[in-house]
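One structure is given here, and the rest of the page talks about it.
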Amino acid sequence: MSELDDWRKRIDEIDQELVKLLNERSGCAVEIGHIKKKLNLPAWSPEREAEILRHVVKSNRGPLDDAAIRRLFERIIDEARSLERHAMDAHGSATSATGRAPEAPGQDQGASPSGRGPRGSGKSGEREE
């Protein structure tokens, strides 16, 4: 196996771990959505989002710069908020029998809290907090 193949294999392994962790994080968001519905709280918590972004940027050691980490986590948070909204939906469960959200990721019908539309521009400087 070549050095390039070795690195690609490592990336594939990391990708699998990322998928596992992102789905684990998403499961937490679904549960939070259920709790927020019981407590009649909104899906979007700007203070919590700002706290998460501060935390991940503070823990960043590179080689990704802070702006890249922020953009990645803004996207992760947007997807989590979509799952929370589905969990809060009056129709009940946020997942089907397959364990997947009833709509494809990114199909959230409402505008994001930043007002940039459903998914936003991806530019970190435009986000409201």
Side-chain angles (χ1 to χ4, degrees):
M1 192 178 273
S2 73
E3 183 179 8
L4 179 60
D5 289 336
D6 291 342
W7 283 111
R8 286 178 173 166
K9 181 180 181 211
R10 180 66 183 129
I11 284 176
D12 291 344
E13 292 167 352
I14 292 168
D15 288 347
Q16 292 301 309
E17 186 66 19
L18 285 171
V19 168
K20 177 183 170 240
L21 291 171
L22 288 168
N23 278 305
E24 185 176 335
R25 187 185 194 286
S26 296
C28 294
V30 169
E31 293 304 318
I32 287 170
H34 292 304
I35 294 167
K36 286 180 175 180
K37 181 177 181 176
K38 286 180 199 172
L39 298 175
N40 199 29
L41 296 172
W44 186 50
S45 174
E47 299 83 14
R48 175 63 179 148
E49 183 172 328
E51 177 185 349
I52 292 167
L53 294 173
R54 278 192 306 272
H55 175 73
V56 297
V57 166
K58 184 178 178 181
S59 66
N60 182 33
R61 300 292 175 249
L64 288 172
D65 64 23
D66 290 350
I69 291 294
R70 184 178 179 87
R71 285 189 306 271
L72 288 167
F73 273 85
E74 285 173 342
R75 184 65 178 147
I76 290 168
I77 291 166
D78 283 346
E79 292 300 327
R81 187 179 314 111
S82 177
L83 286 171
E84 284 184 26
R85 285 183 179 140
H86 284 296
M88 296 169 77
D89 189 348
H91 298 295
S93 176
T95 57
S96 67
T98 64
R100 295 188 182 267
E103 296 179 16
Q107 297 299 311
D108 185 18
Q109 298 300 311
S112 69
S114 66
R116 295 181 304 190
R119 294 292 69 150
S121 71
K123 295 179 184 173
S124 61
E126 296 178 341
R127 181 169 218 83
E128 288 181 21
E129 293 181 41

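Between the side chain of K36 and the backbone N or O of A43, at least one donor-acceptor pair lies under 3.5 Å.
The line from NE2 of H55 to CG of N60 is 11.5 Å long, rounded to the nearest 0.5 Å. A distance of 11.0 Å separates CG of L83 from SG of C28, quoted to the nearest 0.5 Å. Expressed to the nearest 0.5 Å, how far OG of S26 lies from CD of E84 amounts to 10.0 Å. Within the model, atoms CD of E49 and CD of E51 stand 11.5 Å from one another, a figure rounded to the nearest 0.5 Å. Here the CZ-CE distance, from R8 to M1, works out to 11.5 Å after rounding to the nearest 0.5 Å.
With contacts defined as side-chain heavy-atom distances shorter than 4.5 Å, the pair V30/H34 qualifies. Taking 4.5 Å as the limit, some side-chain heavy atom of R81 sits within range of a side-chain heavy atom of R85.
Through direct or relayed side-chain contacts under 4.5 Å between Ile, Leu, Val, Met, Phe, Trp and Tyr, V19 connects to no other residue. When hydrophobic side chains of Ile, Leu, Val, Met, Phe, Trp and Tyr are connected at separations under 4.5 Å, I14 ends up clustered with L18.
Considering all non-hydrogen atoms of both residues, R25 and A80 come closest at NH1-CB, 3.7 Å. Here the closest non-hydrogen pair linking K37 and D89 is NZ-O, 3.3 Å.
Remark: R71 does not engage E74 in a salt bridge, criterion side-chain N to carboxylate O under 4.0 Å.
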Audit row: K9, D12, salt bridge (Lys or Arg N to Asp or Glu O under 4.0 Å) steps and yes/no: CA-CA 5 Å; K9 181 180 181 211; D12 291 344; over 6 Å; no
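The 12-atom threshold is exceeded at CD of E13, counting heavy atoms of other residues, nucleotides or ligands nearer than 6.0 Å. For CG of D6, the number of neighbouring non-hydrogen atoms (other residues, nucleotides, ligands) closer than 6.0 Å is greater than 12.
Tested against V56 for a side chain to side chain contact (heavy atoms under 4.5 Å, CB included), the candidates I76, I77, I69, L72 yield a single pass: I69.
By the side chain to side chain donor-acceptor pair (under 3.5 Å) test, D15 is found to be paired with no residue, residues two or more places apart in sequence or in another chain being considered.
In this structure, L22 is a member of the same hydrophobic cluster as L64, with clusters built from ILVMFWY side-chain heavy atoms closer than 4.5 Å.
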